[in-house]
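Structure record follows, encoded as structure tokens.
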Amino acid sequence: QVELVESGGGLVQAGGSLRLSCAASGRPFGEYAMGWFRQAPGKEREFVAAWRWRGEMTFYSDSVKGRFTISRDNAKNTVFLQMNSLKPEDTAVYYCAAGYPAGTLRVTTPSEYIYWGQGTQVTASS
């Protein structure tokens with residue numbers, strides 16, 4: 001069993017920054033692929049970024065590439081999403097997710113992930 005606890009959401013003006021955190025407990029961190037997804041009202045959940053421990057590969061959606069950065073602190077079993085240059089269209093509930101095996105999981109597909117956090121609201125106002 002894995003528990004994911006997110007924090008760091010909030011309200012910022014467009015152009016501002018936020019850092020989301022996702023603390024994981026349970027299964028050894030190194031076995032996971034970790035992903036961030038978001039869901040805006042009336043829209044489907046969409047992929048934002050992911051980290052695959054095996055090979056330490058990172059993945060980003062085209063809409064956030066160059067603005068968002070996913071990173072981790074192994075000692076704290078925590079993954080972060082640094083969000084810069086936020087736009088109103090980034091407004092959504094952001095979810096952290098974990099899935100395994102890290103080496104073969106399709107990181108952009110929500111159904112591949114087994115564990116999900118409760119979500120944290122991010123609002124970028126224009």
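Index from 1, following the sequence.
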Donor-acceptor contacts, no H, no angles, side chain residues 39-50, under 3.5 Å, sequence neighbours left out:
{"from": "Gln39", "atom 1": "OE1", "to": "Arg45", "atom 2": "NE", "distance (Å)": "3.3"}
{"from": "Gln39", "atom 1": "OE1", "to": "Arg45", "atom 2": "NH2", "distance (Å)": "3.3"}
{"from": "Gln39", "atom 1": "NE2", "to": "Lys43", "atom 2": "O", "distance (Å)": "3.1"}
{"from": "Glu46", "atom 1": "OE2", "to": "Arg38", "atom 2": "NE", "distance (Å)": "2.6"}
{"from": "Glu46", "atom 1": "OE2", "to": "Arg38", "atom 2": "NH2", "distance (Å)": "3.2"}

Item to check | Pairwise salt bridge (charged side-chain N to carboxylate O under 4.0 Å, His left out) hits with a residue in residues 104-126, at least two apart | outcome: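 Checked against salt bridge (charged side-chain N to carboxylate O under 4.0 Å, His left out) - neighbours excluded - the pairs reaching residues 104-126 are Arg106-Glu112.
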Checklist entry - Going by the salt bridge (charged side-chain N to carboxylate O under 4.0 Å, His left out) test, which pairs reach into residues 2-20, not counting sequence neighbours? => result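 Listed by first then second residue: nothing to list.
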Next on the checklist: Please list all pairs meeting ring pair (Phe, Tyr, Trp, His ring centres under 6.0 Å) that have one or both residues in residues 62-114, counting only residues at least two apart or in different chains.
Outcome noted: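 Residue pairs passing ring pair (Phe, Tyr, Trp, His ring centres under 6.0 Å), neighbours aside: Phe37-Tyr113.
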What's the separation between atom [atom1] in [X] and atom [atom2] in [Y], rounded to the nearest 0.5 Å?
X	Y	atom1	atom2	result
Asp90	Ser63	CG	OG	7.0 Å
Arg72	Ser21	CZ	OG	14.5 Å
Ser7	Leu20	OG	CG	8.0 Å
Leu81	Met34	CG	CE	11.5 Å

Item to check | Same apolar cluster (I L V M F W Y, side chains within < 4.5 Å links), Val79/Ile114 | outcome: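 Same cluster.
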Checklist entry - Is there a donor-acceptor contact under 3.5 Å from the side chain of Thr78 to the main chain of Lys76? => result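 Side chain of Thr78 to backbone of Lys76, a donor-acceptor pair under 3.5 Å: yes, one is there.
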Item to check | side chain to side chain donor-acceptor pair (under 3.5 Å) partners for Ser17, two or more places apart | outcome: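 Asn84.
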Item to check | Contacts of Thr109 that satisfy side chain to side chain donor-acceptor pair (under 3.5 Å) - sequence neighbours left out | outcome: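 Not a single residue meets the side chain to side chain donor-acceptor pair (under 3.5 Å) criterion with Thr109.
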Checklist entry - Do the side chains of Met57 and Trp51 get nearer than 4.5 Å, heavy atoms only? => result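 They are not in side-chain contact.
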Checklist entry - Taking all non-hydrogen atoms of both residues, which atom of Leu105 and which atom of Ala33 are closest, and how far apart? => result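 In terms of heavy atoms, the two residues are closest at CD2-CB, 4.0 Å.
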Item to check | Test side-chain contact (heavy atoms from CB on, under 4.5 Å) applied to Tyr60 and Ile70, step by step | outcome: CA-CA 9 Å; Tyr60 297 95; Ile70 188 170; 3.4 Å; yes
Checklist entry - What residue pairs, at least two apart or across chains, pass disulfide (SG to SG under 2.5 Å) with a residue in residues 61-126? => result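 For residues 61-126, and leaving out neighbouring residues, the disulfide (SG to SG under 2.5 Å) pairs sorted by first residue read Cys22-Cys96.
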Mind checking what makes side-chain contact (heavy atoms from CB on, under 4.5 Å) contact with [X], not counting sequence neighbours?
X	value
Thr123	Leu11, Thr91, Gln121
Pro88	Ala14, Ser126
Val2	Leu4, Arg27, Tyr32, Tyr115

Item to check | Lys65: partners by salt bridge (Lys or Arg N to Asp or Glu O under 4.0 Å), with sequence neighbours left out | outcome: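 Applying salt bridge (Lys or Arg N to Asp or Glu O under 4.0 Å) to Lys65 gives Asp62.
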